[in-house]
Amino acid sequence: QVQLVEPGGGLGQAGGSLRLSCAAPGSAFSYYHMGWFRRAPGKEREFVGGIRRSGNIMQYADFVKGRFTISSDNAKNTVYLQMNSLIPEDTAVYYCAASAAAAITTTPNADLYWGQGTQVTVSS
C-alpha cells in the first residue's frame with residue numbers, strides 16, 4: 001500500500017508552464033514505477049507519462065511528447081510532471097499513480113495506487 005499526495009495543480013495560460021508534484025511519504029518509493037494520468041471533462045482517464053523505478057526510463061503519450069517531462073527524486077519520495085507549452089486541451093484533473101508491475105503501466109486499472117487528483121486549467 002502506498003499513499004500519494006498531490007499538492008494543488010494550478011491555472012496556466014496557453015504557451016505557459018506548470019509543474020505538478022506527487023509525494024509518497026513514508027513509502028518504499030523506489031520500489032514503484034510512477035505514472036501520470038489525466039481526465040479531461042467528458043473524457044476517459046488517459047495515460048500522460050511514466051517513469052520507471054530506476055528513474056532513467058520515461059515513457060510519454062504522443063500528445064505530450066516534447067512538451068511534458070517526468071522526473072523523480074527518490075530522496076524526497078517525489079515525482080514531478082513539468083508541463084511546458086501548455087494548450088487549453090491540457091485542461092484536466094491530473095492523477096499520479098504508483099505501480100508495482102514489471103513495467104510502466106499505461107492503462108488505468110485497479111492495481112494502481114492513485115493520488116487524489118489535482119485540477120489543471122489552461123486558459124487561451
Side-chain angles (χ1 to χ4, degrees):
Q1 190 78 15
V2 59
Q3 181 184 8
L4 301 175
V5 179
E6 302 177 52
L11 177 65
Q13 290 189 328
S17 299
L18 286 172
R19 188 175 82 156
L20 304 182
S21 63
C22 173
S27 70
F29 180 78
S30 60
Y31 178 77
Y32 299 95
H33 305 304
M34 300 298 296
W36 288 95
F37 294 76
R38 71 184 188 186
R39 176 180 285 162
K43 295 186 177 181
E44 298 292 321
R45 192 175 302 196
E46 62 183 354
F47 174 75
V48 174
I51 185 168
R52 296 200 69 165
R53 61 174 69 100
S54 61
N56 62 352
I57 297 176
M58 286 71 76
Q59 183 176 349
Y60 298 96
D62 287 343
F63 56 80
V64 301
K65 282 182 180 177
R67 300 191 300 123
F68 292 8
T69 303
I70 293 175
S71 61
S72 63
D73 185 335
N74 285 359
K76 296 182 178 180
N77 284 8
T78 300
V79 63
Y80 303 95
L81 180 66
Q82 177 67 42
M83 304 185 293
N84 299 328
S85 301
L86 288 166
I87 59 177
E89 290 76 15
D90 293 324
T91 295
V93 178
Y94 284 73
Y95 301 87
C96 69
S99 171
I104 294 171
T105 300
T106 61
T107 302
N109 64 71
D111 291 332
L112 298 174
Y113 299 99
W114 293 97
Q116 80 276 16
T118 187
Q119 177 70 46
V120 169
T121 302
V122 180
S123 61
S124 58

Requested in this report: Answer yes or no: does atom CD of Gln119 have more than 12 heavy-atom neighbours from other residues, nucleotides or ligands under 6.0 Å?
Outcome: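 Yes, CD of Gln119 has more than 12 neighbouring heavy atoms, counting only those of other groups under 6.0 Å.
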Report task. Determine whether more than 12 heavy atoms belonging to other residues, nucleotides or ligands lie under 6.0 Å from atom OH of Tyr31. Result ->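 No.
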Can you tell if the side chain of [X] reaches within under 4.5 Å of the side chain of [Y], non-hydrogen atoms only?
{"X": "Cys22", "Y": "Val5", "answer": "no"}
{"X": "Ile70", "Y": "Val79", "answer": "yes"}
{"X": "Arg53", "Y": "Tyr32", "answer": "no"}
{"X": "Trp114", "Y": "Cys96", "answer": "no"}
{"X": "Leu112", "Y": "Thr105", "answer": "yes"}
{"X": "Arg19", "Y": "Leu81", "answer": "no"}
{"X": "Thr118", "Y": "Tyr95", "answer": "no"}
{"X": "Val48", "Y": "Tyr94", "answer": "yes"}

Query raised in the report: What do you reckon, are the aromatic ring centroids of Phe47 and Trp36 less than 6.0 Å apart?
Result: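 Ring centres of Trp36 and Phe47 not closer than 6.0 Å.
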[X] side-chain N/O to [Y] backbone N/O, donor-acceptor pair under 3.5 Å:
{"X": "Thr78", "Y": "Lys76", "value": "yes"}
{"X": "His33", "Y": "Ala101", "value": "yes"}
{"X": "Asn77", "Y": "Ala24", "value": "yes"}
{"X": "Gln116", "Y": "Glu6", "value": "yes"}

Report task. Could you state whether Val93 and Leu86 fall into the same hydrophobic cluster, counting links through intermediate Ile, Leu, Val, Met, Phe, Trp or Tyr residues with side-chain heavy atoms under 4.5 angstrom apart? Result ->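 Val93 and Leu86: separate clusters.
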**Report entry** Joint hydrophobic cluster, Phe37 plus Phe68, side-chain heavy atoms closer than 4.5 Å
**Finding:**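 No, no single cluster joins them.
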Do you know the tightest heavy-atom contact between [X] and [Y]?
{"X": "Gly55", "Y": "Ser72", "result": "CA-OG, 4.1 Å"}
{"X": "Leu20", "Y": "Met83", "result": "CG-CE, 3.8 Å"}
{"X": "Thr91", "Y": "Pro41", "result": "O-CD, 3.9 Å"}
{"X": "Ser124", "Y": "Pro88", "result": "CB-CG, 3.9 Å"}
{"X": "Thr106", "Y": "Gln59", "result": "CG2-NE2, 3.5 Å"}

Requested in this report: Check the pair Asn84 / Ser17 against side chain to side chain donor-acceptor pair (under 3.5 Å), numbers first and verdict last.
Outcome: CA-CA 4 Å; Asn84 299 328; Ser17 299; 2.8 Å; yes
Query raised in the report: Could you give the distance from OH (Tyr80) to OG1 (Thr69), rounded to the nearest 0.5 Å?
Result: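 Those atoms lie 14.5 Å apart.
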Query raised in the report: If you measure from CD1 on Ile104 to OG on Ser99, what distance do you get to the nearest 0.5 Å?
Result: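 If I round to the nearest 0.5 Å, the distance is 9.0 Å.
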Report task. Say whether Thr107 and Asn109, considering side chains only, have a donor N or O and an acceptor N or O under 3.5 Å apart. Result ->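 Checked: Thr107/Asn109 side chains show no N/O donor-acceptor pair below 3.5 Å.
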**Report entry** Residue among Val120, Leu11, Thr121 satisfying side-chain contact (heavy atoms from CB on, under 4.5 Å) with Leu18
**Finding:**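 Of the listed residues Val120, Leu11, Thr121, the side-chain contact (heavy atoms from CB on, under 4.5 Å) partner of Leu18 is Val120.
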Query raised in the report: Taking NZ, NE, NH1 and NH2 as the nitrogens, is one of them in Glu46 or Arg38 under 4.0 Å from a carboxylate oxygen of the other?
Result: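 Salt bridge between Glu46 and Arg38, a charged N being under 4.0 Å from a carboxylate O: yes.
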